[in-house]
Amino acid sequence: VLVVSPMPHEKLVLRSKKPVSTIFFPPGHRLLRFLKNLEIDLDRSKIPESIDRFYALRKLSCKIKRIETRFPIEAISRLPVLSYLQLNGTGIRDLGDVLKPLMSLKTLDLSKNSLEYISSPFHPNANLSSCNFSHNKIKRICFGGAHNIRDLDLSHNLLRDLGDTLKPLQFLKILNLRHNLLRDVSSPFHPSANLSSCDFSHNQIEQICLGLGSTYELQDLDLSHNLLRRFELDIHVRVLNVSHNCLKHLDVSNFRVYKLHAQHNFLRDASFVAMEYSIQYLNLSSNYLSGFFLKEYDSFSSCTTLNLRANCVRTVPPWIDKALPVVESLDLEDNFTRFLPDSMGHLRNLRILSLKNHRLREIPKELAQLPLRVLNLSSDIYYRLSPEMEDRVDEIQNCHVQHHSLVERIIAYVLSIFESLVFCPLDSMNWLLYSRVGNFLVVAGTVGMLVTVVLTRELVPVFLVYL
């Protein structure tokens, strides 16, 4: 590619999906004096050594999938007014002191390279505010001179310990450390007081202690996909994500949370004392909660969404209308719910209700009083709809109601009699009585017992005569 534009332009874009061998800029051309924005997006190319001749260049974006030779990183230091630098896929291994002369640099993107160590390559008076070092091989970091960084992305690296490396960043607002090898964040980790979003997901963290103080409030804290067994926080968080961990007990009574994601854990108990008037979204699906965690004196006056899918909640307490007065979405799917109280009809704001795989023999008429838009009553057992619900089903926009055949109704009636005669609190008996496979095994077992009795009556006399 021979760039010989007769007119002085401020922006030049070189983009090609085919391999480009060489990019050549004629020396002394007027383009070198007026160009302010240079974008290079090529599949395979050689970066020219004369890139430092663009004295007025303010924005440099270079994206190369397969670079032929080493990127001339030393030439970047001779661009005095450069404010935006993006070098993706250029194979850079070391920065050295290249970035110190760049006093006007505000945004730095060195993602998808081969960096292993960052050793404070910035001038103490630099205006750098955004740094992206993701998708590298960084094991150690040091930000001694970058005090004004507000957005830092260190995701997809090989960091194992933080220590005091982030302490100089007094104005840091967004921190991304996902997909690293962090194990312990309980060491003195004191980020700036301006921190609003922090992402520690997809690590190997077993213990965390931020140590920011009870008067501090984060906007977003993501601790999902780790190995947390317990965590201690003395801060207020608007959105807290602790899903996909190893938590057995969740106690958030010391701080305030507005949205909590705690699905896919091993929770058997939960305490939300301090969150009664703040929690708005609560997701506790795929845990081991044996009962409805809300007590009779609890009142979540701000909770609009509650997800208890795939737990062991068999009954809904009668005080649910007082505990969740403004709830709009309630998910009890895969809980094998057996009892719904009459107070369900007092949830005047309920719009979404999911009772998939329930164990209700008859859908209560109180559900017909709710202003539902989405209702899921699909189950593998036979259940009856009250006359009020039959009229209400046609009015609901998205309604899943399962209709059973005559044979399934007869089997369900026989099994209901069998259930009334046999008492067993175990879930295995519930599975035998309610699932289709369990119904088949019960019928097959009953037939097998009858055949055994008949054969025994025929064979026992013969056996006695033989003796």
- request: Please determine which of I352, L350, L347 meets the side-chain contact (heavy atoms from CB on, under 4.5 Å) test together with L372.
  value: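 Answer after filtering I352, L350, L347: L350.
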
Apply the test side-chain contact (heavy atoms from CB on, under 4.5 Å) to residues L181 and Q204: give CA-CA distance (whole Å), side-chain angles for both, the deciding distance (0.1 Å), then the verdict. CA-CA 6 Å; L181 302 177; Q204 302 174 9; 3.9 Å; yes

Would you check if [X] and [Y] make a side-chain contact, meaning some heavy-atom pair closer than 4.5 Å?
X	Y	result
H179	H202	yes
E39	K11	yes
N307	Q263	no
E366	E388	no
L99	L85	yes
L60	I76	yes

Give the intermediate values and the outcome of side-chain contact (heavy atoms from CB on, under 4.5 Å) for residues K248 and Y288.
CA-CA 9 Å; K248 294 184 179 180; Y288 295 91; over 6 Å; no

Check: [X]/[Y] side-chain N/O donor and acceptor closer than 3.5 Å:
X	Y	value
T337	N335	no
S129	N148	no
N203	N226	no
Q86	S61	yes

Regarding R140 and the six-membered ring of Y117, is the cationic atom NZ or CZ under 6.0 Å from the ring centre and inside 45° of its axis?
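The answer is yes; both the distance and angle limits are met.
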
At their closest point, which heavy atom of [X] faces which heavy atom of [Y], and how far apart are they?
X	Y	value
L377	H358	O-NE2, 3.2 Å
L267	N287	N-OD1, 3.2 Å
L182	F200	CD1-CD2, 4.1 Å
D334	R309	OD2-CG, 4.5 Å
P341	I320	CG-CG2, 4.3 Å
L128	T107	CD1-N, 3.9 Å

Taking atom CZ as the centre, does R351 end up with more than 12 heavy-atom neighbours from other residues, nucleotides or ligands that are less than 6.0 angstrom away?
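More than 12 within 6.0 Å, yes.
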
Step through the shown structure and confirm whether more than 12 heavy atoms of other residues, nucleotides or ligands are within 6.0 Å of CZ on R93.
no

- Message: For H225 and H244, take the angle between the two ring planes, folded into 0 to 90°, and tell me which bin it lands in: parallel under 30, tilted 30 to 60, perpendicular over 60.
- Response: parallel

Main chain of T90, side chain of N113: is a donor-acceptor contact present, judged purely on distance under 3.5 Å?
yes

When you measure from the side chain of R392 to the backbone of L370, do you find a donor-acceptor pair of N or O atoms at a distance under 3.5 Å?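 Checked: pair present.
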
